[in-house]
Amino acid sequence: MMSLLGRSEVDTGEVFVNFNQNITSLAVATNGNYSLYSLGSVDSTLDKIYHTKSDDLFLIERLFESSLVAIVSQRAPRKLKVCHFKKQSEICNYSYSNTILAVKLNRERLIVCLEESLYIHNIQDMKVVHTIRDTPSNQQGLCALSSSSEHCYLAYPGSVITGEVQIFDAINLHAKTMINAHDTPLAAIAFSPSGTEIATASERGTVIRVFSSQDGSRLFELRRGLKRCVSIVSLSFSTCADYLVSSSNTETVHIFRLDRSAAENNDHGKQSSDDWMGYLSKTVTSYLPTQVTDVLSQGRAFASVTLPEAGVRRMCAIATIQKQLRLLIASQDGYLYVYSIPSIEGAECQLIKRHDLRLDDNYAMDVKGLNSNVSIGGAAGVPSAAAAAAAGGSGDGGKGAEKPGSSSNAAGASYASAVKGDEPAGSSSSNN
């Protein structure tokens, strides 16, 4: 959850912000409201595609550009609601034995993360197909799900002492590999869009590593800084997979360029005979301690952005929008920053636009003409009539997941249309 710090002009309350899997929309929850925005014209404006009054939410996950959203409220933190936002209806809900700390989804699976267990649902019917029990204590709900259906992997911490990453095949339901990524516990993990690579950062926060999710081999080692240890908050691959962006509890956001051709050349020991600087570097480092040579071989930030203040949690993403590469920074204090990314290493990112999400959420009109006074799913903790037909059952999740209540509504068709994203944009509750 992203709690509000500062912003003296904002009354008491909290802001939750989250990008969808392919960085085409942004979910924003403020006190008693939540909204979904399209990012297609973010250089100039934020197009609000949905807005509703709701219980205070602390988790929102939208499935790509579909109508399906998964939400968890502060009033009922053990209950997951799956909703069809264009029809303004709750499709199904599940209750768990403990607080839901994270929800992740792709076109095949929906993952619910509790402190010591993970529930894997088939997203087509919401049945629990597998439960990973007795995981190391995961109080932050740290986990990642690849957005790829081909490489549908789930990653989560394998230790509370070291930075061990467990990668689980969420389709074939078996452990894929284990990676000893860091000496200290994990702080952030993220899959590349294809699911074939995973980036990791530890609680120390100075080094970010990228591994193959297939065999666990290390592909990149990137140094965020030398001066101080920080808490990495956000780690994200660009949608083109050529960049990695990280944010922390400091005021600086770092962008790293992933030069795979150079990495391949290094792996095969290829070096031009006239590359005397490379030869010199190799000769000198052979006489230095391992810790020093490690630092010299680590990649540095390609570009960075310095924001107004430290101590503000921020979610970052890099996407191609209208054929231009853009850095998007959504912060807990209610702003969305849009930056251009330079083509030359070391050049400055240029601020293009700053959107005030809290102002938009309170006063902006819904561009799609949806009714902003209808609450999704009613009061938190009250089951919807459209529950069981879509969810089907609880699989092997009997200990932690309870079956939703009975349904008198034909929710199956609604659920299928939400997952596929084939509902017309103008659908509303009046069509239910």
Side-chain angles (χ1 to χ4, degrees), residues 21 104 106 111 113 118 132 135-136 138 140 142-148 150-172 174-224 232-248 254-269 290-291 293-302 316-318:
Q21 296 84 0
K104 306 292 181 182
N106 63 22
I111 308 298
C113 178
L118 290 144
I132 303 174
T135 61
N138 185 9
Q140 302 303 315
L142 182 60
C143 65
L145 177 67
S146 166
S147 60
S148 168
E150 182 180 358
H151 302 103
C152 185
Y153 300 146
L154 167 66
Y156 59 95
S159 170
V160 295
I161 299 172
T162 65
E164 178 184 306
V165 185
Q166 293 285 347
I167 298 182
F168 189 87
D169 187 329
I171 294 296
N172 299 306
H174 63 75
K176 178 71 177 175
T177 188
M178 185 274 289
I179 302 171
N180 288 313
H182 302 270
D183 294 332
T184 52
L186 294 171
I189 49 179
F191 280 106
S192 64
S194 67
T196 57
E197 297 174 354
I198 184 168
T200 66
S202 74
E203 289 182 352
R204 190 173 294 154
T206 54
V207 173
I208 296 168
R209 297 188 173 108
V210 179
F211 300 88
S212 165
S213 58
Q214 312 269 38
D215 58 17
S217 60
R218 187 190 298 181
L219 305 176
F220 298 95
E221 186 161 278
L222 312 166
R223 179 158 288 277
R224 193 211 57 80
I232 299 291
V233 174
S234 170
L235 202 56
S236 175
F237 284 85
S238 63
T239 51
C240 63
D242 291 334
Y243 297 88
L244 185 69
V245 59
S246 73
S247 67
S248 67
H254 293 86
I255 300 172
F256 301 91
R257 189 168 188 171
L258 305 177
D259 189 345
R260 292 176 177 80
S261 60
E264 288 174 5
N265 289 340
N266 289 337
D267 287 343
H268 293 90
T290 302
Q291 294 89 336
T293 58
D294 284 348
V295 170
L296 292 175
S297 65
Q298 290 162 348
R300 299 297 192 273
F302 175 81
C316 298
I318 296 177

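All residue numbers in this chain count up from 1 along the given sequence.
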[X]: what forms a side-chain hydrogen bond (donor to acceptor under 3.5 Å, both in side chains) with it, not counting sequence neighbours?
| X | value |
| --- | --- |
| Thr239 | none |
| Asp242 | none |
| Asp215 | Ser212, Ser217 |
| Ser147 | none |

Practice item. State whether the number of non-hydrogen atoms from other residues, nucleotides or ligands found under 6.0 Å of Gln214 atom CD is greater than 12. Key: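 More than 12 within 6.0 Å, yes.
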Practice item. For Tyr243, enumerate each residue passing the ring pair (Phe, Tyr, Trp, His ring centres under 6.0 Å) test, keeping only those at least two apart in sequence or located in another chain. Key: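 Residues passing ring pair (Phe, Tyr, Trp, His ring centres under 6.0 Å) with Tyr243: Phe302.
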Say you draw a straight line from [atom1] of [X] to [atom2] of [Y]; how long is it, rounded to the nearest 0.5 Å?
| X | Y | atom1 | atom2 | result |
| --- | --- | --- | --- | --- |
| Cys240 | Ile318 | SG | CD1 | 7.5 Å |
| Leu222 | Arg300 | CG | CZ | 10.0 Å |
| Arg260 | Glu197 | CZ | CD | 4.0 Å |
| Gln21 | Asn106 | CD | CG | 7.5 Å |

Would you say that [X] contacts [Y] through its side chain, given a criterion of any heavy-atom pair below 4.5 Å between the two side chains?
| X | Y | result |
| --- | --- | --- |
| Leu118 | Asn138 | no |
| Phe256 | Ser246 | yes |
| Leu258 | Leu219 | no |

If you compare all heavy atoms of [X] against all heavy atoms of [Y], which two are closest, and at what distance to 0.1 Å?
| X | Y | result |
| --- | --- | --- |
| Ile171 | Cys152 | CG1-CB, 3.5 Å |
| Phe191 | Leu145 | CD1-C, 3.8 Å |
| Ile198 | Ala155 | CD1-CB, 3.5 Å |
| Ala187 | Ser202 | CB-O, 3.5 Å |
| Ser159 | Pro136 | N-CG, 3.8 Å |
| Phe211 | Arg218 | CD2-CA, 3.6 Å |

Review point. What residue among Thr162, Ile208, Val165, Thr200 forms side chain to side chain contact (heavy atoms under 4.5 Å, CB included) with His182?
Key: Thr200
Please confirm whether the backbone N or O of [Y] pairs with a side-chain atom of [X], one donor and one acceptor, at under 3.5 Å?
| X | Y | value |
| --- | --- | --- |
| Ser213 | Gly195 | yes |
| Ser234 | Cys316 | yes |
| Ser146 | His151 | yes |

Report the residues that fulfil side chain to side chain contact (heavy atoms under 4.5 Å, CB included) with [X], sequence neighbours left out, ordered by chain and then residue number.
| X | result |
| --- | --- |
| Thr177 | Ile167, Ile179 |
| Gln166 | Tyr156, Glu164, Met178 |
| Ala190 | Leu235 |
| Pro193 | Phe237, Ala241 |

